[in-house]
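Notes to accompany the following structure.
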Amino acid sequence: MKRLKIKDILLNSKIGETIIAKGWVRTKRGSKNVNFIALNDGSTIHNLQIVADVSIFDESLLHEITTGAALSVTGKLTESAGGGQKIELIAETIELLGAADPDKFPIQSKRHTMEFLRENAHLRFRTNTFGAIFRIRHAMAFAIHKYFNEKGFNYLHTPIITGSDAEGAGQMFRVSTLDPKNPALTENGEIDYNEDFFGKPTNLTVSGQLEGELGALALGEIYTFGPTFRAENSNTTRHLSEFWMIEPEMAFYDLKDNMDLAEEFLKSLIKYALENCIDDLQFLASRLKQEEKSKPQDQRSMDLIEKLEFVLNNDFIRITYTEAIKILINSKPYKKKKFQFPVEWGVDLQSEHERYLVEKHFNCPVILTDYPKGIKAFYMKQNDDGKTVGAMDVLFPQIGEIIGGSQREENLEKLETRMKEMNIPSEEMWWYLDTRRYGSVEHSGFGLGFERFILFVTGMGNIRDVIAFPRTPKNAEF
RNA sequence: UCCCUAGUAGCUCAGUUGGUUAGAGCGGCGGACUGUUAAUCCGUAGGUCGUAGGUUCAAGUCCUACCUGGGGAGCCA
């Protein structure tokens, strides 16, 4: 007899069949004659109810069936006599695969705080919430590859270790094999990187974009999907030191093509989640609703599934940075001096401004384009007005910037001038500039923060709860 | 990094203007119960009050420093 997964048992198995199920005990309830065991094997949010007649099992065995224990159960499927489920398994044999000392096992069959579960990240997979989150996370990773594959994009593996410090996306983690206590020194007493593993200073990547462009300008369309590292001392609900990023890069795409792709891409992922993860989404939605009950009426947000459907069925608002500034200057909070930070053309928008636009003014995802060149990266396409660049940021309610992208500057001269202005060492970037020397074409790309997107789909509030083992300043446990 | 806030039983929390032996619910354990749904009922054990100093006759409670968590801001995806 073959072991069946609980998902398949609940979906396909027939009343009267004798089967084997294996999994972990969520709860056990008992009375004099019969014990009920909720068994979960991670294949679905739903549990299989095991019915154990007390008279046919050893008392010591039943005693060891506690929350967290692993069991193998053989029995016959029957229509459930109780109300909570359609079918249940009448146990004939129960094998205790692994006990879980009830005095020590930290996960109880009750609500735990997210903080407590974060400290028990090795066991939190065994809760309904984290089971749902990680099944959805997997489904979204799969849907990303599926989407790009179907569009003819090539998955490009850009390096994790980079010798370039010109990516300009923030503080980097150094990669070195030098002895930190006694590093090789030059005659001047400085660290001699010639003696280091790669013969030069190296770091963990903060973006695969520059290498991605090299691939796109030959393969046509590529995407990367890999870990990204930022050594910034950020302590927020939306930042990780190690996170996953998806970076498509497309030849012959202008800014509008780029936006169209970003919007279609995000919607296809949401659609996939609604079509394939509805059980888990419904669980998270009801969990969220429970949590919202403690909040004041005006701070409650839309139902999770309604929110996903709303984003799926509505066009993203597309406006330029310049138009956004006008809207902000005419806004109530601006006139009442409620904004903490100034609003004027040329300064970067603060999250209070983005939140106003997305959550109050439009109440819809917004794509902001054509930012002042002074606040954006060197590689962005310089517009004809001489003041702005072809950038685009996709802003989502509650989360803020979920995608940052741009059309890339393909003109060698303009790019070199801009690099000089921004003190970017162009000698080190010879390989990047070569793409503009030989057969340069217009191209575009963007970066999607995977965990930020998972936050949106799951409705979770803290980015540390949508990655298995979060790395943040002062925390690299597990 | 800055601002705010918290740290008391395995978990979630209460603990009054400083005052005797620090409490509750859940969980655990023991028992009861004809099918439960986070079962229910009765009983029971369980504490270096984050750490180190200080003030005081007396500190869980006040002060200082540090550590850790949470929320917000900045940096960004």
Side-chain angles (χ1 to χ4, degrees), chain A residues 26-38 46-55 63 66-68 78-85 88 90 100-120 127-128 167-171 206-209 224 227-247 262 290 339-341 348-352 354-355 375-377 393-396 399-405 446-456 461-467 472-475 477:
Chain A
R26 282 291 164 78
T27 57
K28 186 181 72 168
R29 296 172 289 273
S31 65
K32 196 174 182 182
N33 301 320
V34 69
N35 277 347
F36 300 96
I37 302 155
H46 301 298
N47 301 324
L48 177 65
Q49 172 150 287
I50 310 293
V51 183
D53 187 331
V54 171
S55 65
H63 190 76
T66 56
T67 301
T78 63
E79 218 164 299
S80 179
Q85 55 285 315
E88 59 193 16
I90 308 296
D101 184 344
D103 239 14
K104 292 179 184 147
F105 185 62
I107 310 296
Q108 304 169 357
S109 61
K110 61 171 249 178
R111 279 187 76 92
H112 286 293
T113 57
M114 287 297 129
E115 292 79 22
F116 175 76
L117 292 171
R118 224 169 277 152
E119 285 167 15
N120 291 281
T127 63
N128 286 333
E167 286 164 353
Q171 287 292 109
V206 292
S207 164
Q209 181 202 316
T224 74
T228 308
F229 307 88
R230 305 260 167 105
E232 233 100 59
N233 192 7
S234 298
N235 292 287
T236 80
T237 54
R238 1 175 251 293
H239 287 86
L240 291 165
S241 309
E242 175 184 291
F243 64 100
W244 289 68
M245 189 155 63
I246 299 101
E247 294 180 290
Q290 202 70 28
F339 286 137
Q340 204 187 326
F341 291 90
D348 209 354
L349 297 179
Q350 301 296 320
S351 59
E352 59 178 355
E354 294 180 351
R355 289 185 80 115
I375 57 172
K376 287 289 180 185
D393 284 1
V394 180
L395 309 178
F396 264 31
I399 289 153
E401 186 179 340
I402 199 164
I403 278 180
F446 62 80
L448 168 70
F450 187 50
E451 284 79 12
R452 286 195 181 170
F453 179 70
I454 302 299
L455 273 183
F456 179 76
N462 191 318
I463 202 161
R464 295 169 190 133
D465 297 329
V466 297
I467 188 165
T472 52
K474 299 276 184 294
N475 179 21
E477 192 66 62

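We name chains A, B, ... by the order of the sequence lines, and we start the count at 1 in each one. Please read all numbers here as calculations on a predicted model, not as lab measurements. The figures here come from the full heavy-atom set of this structure, side chains too, leaving out hydrogens, waters and symmetry mates.
For B:C62, the paired base is B:G54 (Watson-Crick or G-U wobble, both distances below 3.5 Å). Across all strands shown, B:A6 pairs with B:U68; the Watson-Crick or G-U wobble distances both stay below 3.5 Å. Look at B:U36: it lacks any Watson-Crick or wobble partner with both distances under 3.5 angstrom. Summarising the base pairing, B:U20 is matched to no nucleotide, lacking a Watson-Crick or G-U wobble pair whose two defining distances lie under 3.5 Å. The partner of B:G25, taking Watson-Crick or G-U wobble pairs whose two distances both stay under 3.5 Å, is B:C11. If you check B:C76 for Watson-Crick or wobble pairing at under 3.5 angstrom, you find it has no partner at all.
The side chain of A:Thr236 contributes no N or O atom lying less than 4.0 Å from OP1 or OP2 of B:G74. The side chain of A:Asn462 contributes an N or O atom lying less than 4.0 Å from OP1 or OP2 of B:G71. Between A:Thr27 and B:A38 there is no side-chain polar atom (N or O) within less than 4.0 angstrom of OP1 or OP2. Listed pair A:Gln350 / B:G74 meets the phosphate criterion, a side-chain N or O lying under 4.0 Å from OP1 or OP2. OP1 or OP2 of B:G72 sits under 4.0 Å from a side-chain N or O of A:Thr237. A:Arg118 has a side-chain polar atom (N or O) that falls below the 4.0 Å cut-off from OP1 or OP2 of B:G70. The side chain of A:His63 contributes an N or O atom lying less than 4.0 Å from OP1 or OP2 of B:G30.
A straight line from CZ of A:Phe229 to C1' of B:C75 spans 19 Å, rounded to a whole angstrom.
Base contact: A:Phe243 has a heavy atom under 4.0 Å from a base atom. Within the nucleic acid shown, A:Lys474 comes within 4.0 Å of sugar-phosphate atoms alone, with no base atom in reach, counting heavy atoms only. When heavy atoms are screened at a 4.0 angstrom cut-off, A:Ile402 is found touching the sugar-phosphate backbone but no base atom. Heavy atoms of A:Pro102 sit under 4.0 angstrom from primed sugar atoms or phosphate atoms, though from no base atom.
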Name the pairs: protein N/O against N/O of nucleotides 48-52 of chain B, kept only if under 3.5 Å.
none

Please write out each protein N/O paired with an N/O of nucleotides 34-37 of chain B under 3.5 Å, distance rounded to 0.1 Å.
| unit_1 | atom_1 | unit_2 | atom_2 | d |
| --- | --- | --- | --- | --- |
| B:G35 | OP1 | A:Ser31 | OG | 2.5 |
| B:G35 | N1 | A:Glu88 | OE2 | 2.7 |
| B:G35 | N2 | A:Ala81 | N | 3.4 |
| B:G35 | N2 | A:Gly82 | N | 3.3 |
| B:G35 | N2 | A:Glu88 | OE1 | 2.5 |
| B:G35 | N2 | A:Glu88 | OE2 | 2.7 |
| B:U36 | O2' | A:Arg29 | NE | 3.3 |
| B:U36 | O2 | A:Arg29 | NE | 2.7 |
| B:U36 | O2 | A:Arg29 | NH2 | 3.1 |
| B:U36 | N3 | A:Gln49 | OE1 | 3.0 |
| B:U36 | N3 | A:Gln49 | NE2 | 2.9 |
| B:U36 | O4 | A:Gln49 | NE2 | 2.5 |
| B:U36 | O4 | A:Gln85 | NE2 | 3.1 |
| B:U37 | O4' | A:Arg29 | NE | 3.3 |
| B:U37 | O2 | A:Gln85 | OE1 | 3.2 |
| B:U37 | N3 | A:Gln85 | OE1 | 3.2 |
| B:U37 | N3 | A:Gln85 | NE2 | 3.3 |
| B:U37 | O4 | A:Gly83 | N | 2.7 |
| B:U37 | O4 | A:Gly84 | N | 3.2 |
| B:U37 | O4 | A:Gln85 | NE2 | 3.3 |

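Between B:C13 and B:G53, the two C1' atoms lie 29 Å apart (nearest whole Å). B:C42 sits 9 Å from B:C26 when the P atoms are compared, rounded to a whole Å. A distance of about 16 Å separates the P atoms of B:A6 and B:A65, rounded to the whole Å. Distance noted for atom C1' between B:U51 and B:C33: 48 Å (whole Å). Taking the P atoms as reference points, B:U37 lies 27 Å from B:C11, given to the whole Å. Distance check on atom P: B:G27 versus B:U12 gives 15 Å, rounded to whole Å. A distance of about 46 Å separates the P atoms of B:A39 and B:A77, rounded to the whole Å. Taking the C1' atoms as reference points, B:U36 lies 39 Å from B:C49, given to the whole Å.
Panel note: side chain A:Glu247, backbone A:Gly208; a donor-acceptor pair is recorded below 3.5 Å. With hydrogens and angles ignored, the 3.5 Å screen pairs a side-chain donor or acceptor of A:Arg230 with a backbone N or O of A:Val206. A distance-only check finds a donor-acceptor pair linking the side chain of A:Asn120 to the backbone of A:Phe116 [under 3.5 Å].
The shortest side-chain heavy-atom distance between A:Thr472 and A:Asn235 does not fall under the 4.5 Å cut-off. Annotation: side chain of A:Ile107 is in contact with side chain of A:Leu117 (closest heavy-atom distance under 4.5 Å). Inter-residue side-chain proximity for A:Lys28 and A:Thr66 is flagged as unmet; no heavy-atom pair is nearer than 4.5 Å.
Summarising the geometry of A:Gln49 relative to A:Phe36, their closest heavy-atom pair is NE2-CD2, 3.5 Å, with the distance given to 0.1 Å. When every heavy atom of A:Phe341 is checked against every heavy atom of A:Glu352, the shortest pair comes out as N-OE2, 2.7 Å. Across all their heavy atoms, A:Ala100 and A:Thr67 have their closest contact at CB-O, 3.9 Å.
At a cut-off of 3.5 angstrom, the base of B:G69 holds no donor-acceptor pair with the side chain of A:Glu119. With hydrogens and angles ignored, no donor-acceptor pair closer than 3.5 Å exists between the side chain of A:Ser234 and the base of B:C76.
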